[in-house]
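Notes follow the structure.
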Amino acid sequence: MKTNNSTYILAIESSCDDTGVAILHNDKVLCNVVANQEIHSQYGGVVPELASRAHQQNIVPVVAQALKQAGIDKKQLNAIAFTKGPGLMGSLLVGSSFAKSMALALDIPLIGVNHMQAHILAHFINDENQQKPPFPFLCLTISGGHTQIVKITDHFTMEVIGETIDDAVGEAFDKSAKILGLPYPGGPLVDKHAQLGNPNAYIFTKPKTKNPLDFSFSGLKTAILYFIQKQVKENSNFIEENLNDICASIQFTISTILMNKLKKAVKQTGIKHIAIAGGVSANSEIRKVLKEAENKYNWTTYIPKFEYTMDNAAMIGIVGYYKYLDEQFDDLGITASARMKF
Ligand code: KG4
Ligand code: ZN
């Protein structure tokens, strides 16, 4: 393990539709720049071909902006970290090719990072607004592409003990929003309307899975679709008149499913330090029920700073930092991996 106490890492995240570049000094974030791609909202979801083109357009200016914001020269960098996978292949290729070229040009180490590991290790960014969980802990990683319960025993040892067998929880939010006529990504809008609605207005059944810690959301999406179609047949203004209650009921159902799985995971592992990660952990109801679980079940919960929950490069940088200390470097032949596992 290196003991270098001054390490600058430039990190690149390009797994989906956000081009992110961050610069870290040790475990502190100097800058965390994200260029969002507005283009996808008009298509109701991410269009992979357009995402990779936009990354290609964004990557150079975003790297330049990050260096400027951090106030450092590229010659001061000690390593380049990038998202190796999982994600959209075309998007990953832009970030990985750029990272390789930059590492080669500066003659510094290259570090490939697993995006899902990064969502979890975002908790280890040194920031006054968040607390680092102690090992071992459980992490509920909930995003537009993934839903997992992971047992973490050290920075590099992670075991998936439950995951979705079909849709991710973010997809459940986004697809429900689409049924209600809300634009993509609908998760934050469902959250907004839900805050004004009655969570018990409508009851949706919760799916069963073979492995009790696994998730399934495709049935819920279909149940919501059939329910809405039936109601709209009887009253064509049903959605407009009841939007807040529908959103609150969907959100309540999803957060109850997540909490039930977490309770089972705690029972199975005996671990009561619970973290959440991924874009969906921005959800207000999920944050609320998790906080309530501290008193109710004697858990200690770790909720990351909002900026580090969505796809961002700071989380790639923190994994880069730990890998740098451990001298886990990659050679320039490394390739992106769309379906990368831990
Ligand atoms: O982690 P993330 O930024 O990207 C992926 O790796 O997928 O997560 C994006 C997902 C989207 O599905 C979005 O609708 C959802 O996170 N999301 C939310 C909220 N904010 C973002 N879902 C529910 N409530 C929110 N407040
Ligand atoms: Zn993500």
Side-chain angles (χ1 to χ4, degrees), residues 11-20 22 32 34-37 40-41 44-46 48 51 82-88 91-92 95 113-123 139-148 150 163-164 167-180 182-197 199 215 217 220-221 247-258 275-290 303-316 318-319 338-340 342:
I12 295 170
E13 151 62 27
S14 73
S15 65
C16 192
D17 60 336
D18 296 318
T19 317
N32 188 22
V34 183
N36 302 112
Q37 301 179 2
H40 305 286
S41 66
V46 176
F82 72 98
T83 307
K84 173 176 159 65
L88 301 172
S91 295
L92 292 168
V113 171
N114 179 312
H115 179 92
M116 301 311 294
Q117 185 182 15
H119 268 303
I120 296 171
L121 289 193
H123 284 276
C139 186
L140 175 70
T141 310
I142 40 180
S143 73
H146 297 272
T147 304
Q148 297 179 328
V150 185
E163 64 187 329
T164 183
D167 289 352
V169 64
E171 275 178 284
F173 271 108
D174 295 341
K175 287 178 179 174
S176 303
K178 199 171 177 181
I179 295 168
L180 300 174
L182 299 171
Y184 177 86
L189 293 168
V190 171
D191 192 354
K192 196 176 129 211
H193 288 289
Q195 288 175 37
L196 305 168
F215 301 86
F217 288 105
L220 177 65
K221 174 196 66 194
C247 287
S249 302
I250 293 171
Q251 182 166 286
F252 180 68
T253 305
I254 293 176
S255 77
T256 307
I257 294 170
L258 298 176
I276 49 169
V280 182
S281 61
N283 185 268
S284 60
E285 175 71 16
I286 296 171
R287 285 178 171 236
K288 191 186 100 199
V289 291
L290 211 61
I303 300 177
K305 190 177 169 186
F306 187 73
E307 182 186 347
Y308 306 139
T309 62
M310 316 295 275
D311 282 353
N312 68 89
M315 68 183 196
I316 306 299
I318 191 73
V319 182
R339 296 188 178 279
M340 187 178 185
F342 280 124

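Each ligand, and each atom within it, is numbered from 1 in the order the structure gives. From a predicted model like this one, the values you see are computed outputs, not experimental measurements.
- Between the CZ atom of Phe217 and the CD atom of Glu171 there is a distance of 10.5 Å, given to the nearest 0.5 Å.
- Residue Phe173 has no N or O atom closer than 3.5 Å to an N or O atom of ligand 1.
- Taking each of Gly170, Ala277, Cys16, Gly279 in turn, the one with a heavy atom nearest to atom 16 (O) of ligand 1 proves to be Gly279.
- By the criterion of a heavy-atom distance under 4.0 Å, the side chain of His115, and not its backbone, is placed next to ligand 1.
- Listed by atom number, the atoms of ligand 1 under 4.0 Å from His119 heavy atoms are 1 (O).
- Atoms of ligand 1 lying under 4.0 Å from any heavy atom of Asp191, numbered from 1 in the order shown and given with element: 24 (N), 25 (C), 26 (N).
- Remark: the backbone N or O of Ser91 is paired with a side-chain donor or acceptor of Ser14 at under 3.5 angstrom.
- Taking every non-hydrogen atom of Gly145 and a distance limit under 4.0 Å, the qualifying atoms of ligand 1 come out as 7 (O).
- For Glu171, no nitrogen or oxygen atom sits less than 3.5 Å from a nitrogen or oxygen atom of ligand 1, counting backbone and side chain alike.
- A distance of 11.0 Å separates CD1 in Ile318 from CG in Asn312, rounded to the nearest 0.5 Å.
- A distance of 13.0 Å separates NZ in Lys84 from CD1 in Ile316, rounded to the nearest 0.5 Å.
- Open room surrounds NZ on Lys178; 12 or fewer heavy atoms of other groups in view lie less than 6.0 Å from it.
- Rounding to the nearest 0.5 Å gives a distance of 8.5 Å between CG of Asn32 and NZ of Lys305.
- Contact annotation: for Asn283 versus ligand 1, heavy atoms closer than 4.0 Å belong to both the backbone and the side chain.
- Of the heavy atoms in Asp311, both backbone and side-chain atoms come closer than 4.0 Å to ligand 1.
- By the salt bridge (Lys or Arg N to Asp or Glu O under 4.0 Å) test, Asp191 is found to be paired with no residue, residues two or more places apart in sequence or in another chain being considered.
- Under a 4.0 Å criterion applied to the non-hydrogen atoms of Asp174, ligand 1 contributes the atoms 11 (C), 12 (O), 13 (C), 14 (O).
- Under 4.0 angstrom from ligand 1, there are no non-hydrogen atoms of Gln251.
- Around the Zn ion (ligand 2), the protein N, O or S atoms found under 2.8 Å comprise His115 NE2, His119 NE2, Asp311 OD1.
- Between Gly186 and ligand 1, not a single N/O pair is under 3.5 Å apart.
- Between the choices Ala282, Gly144, Pro185, the shortest heavy-atom distance to atom 7 (O) of ligand 1 belongs to Gly144.
- From Met340, atom CE reaches atom NE2 of His115 across 11.5 Å, with rounding to the nearest 0.5 Å.
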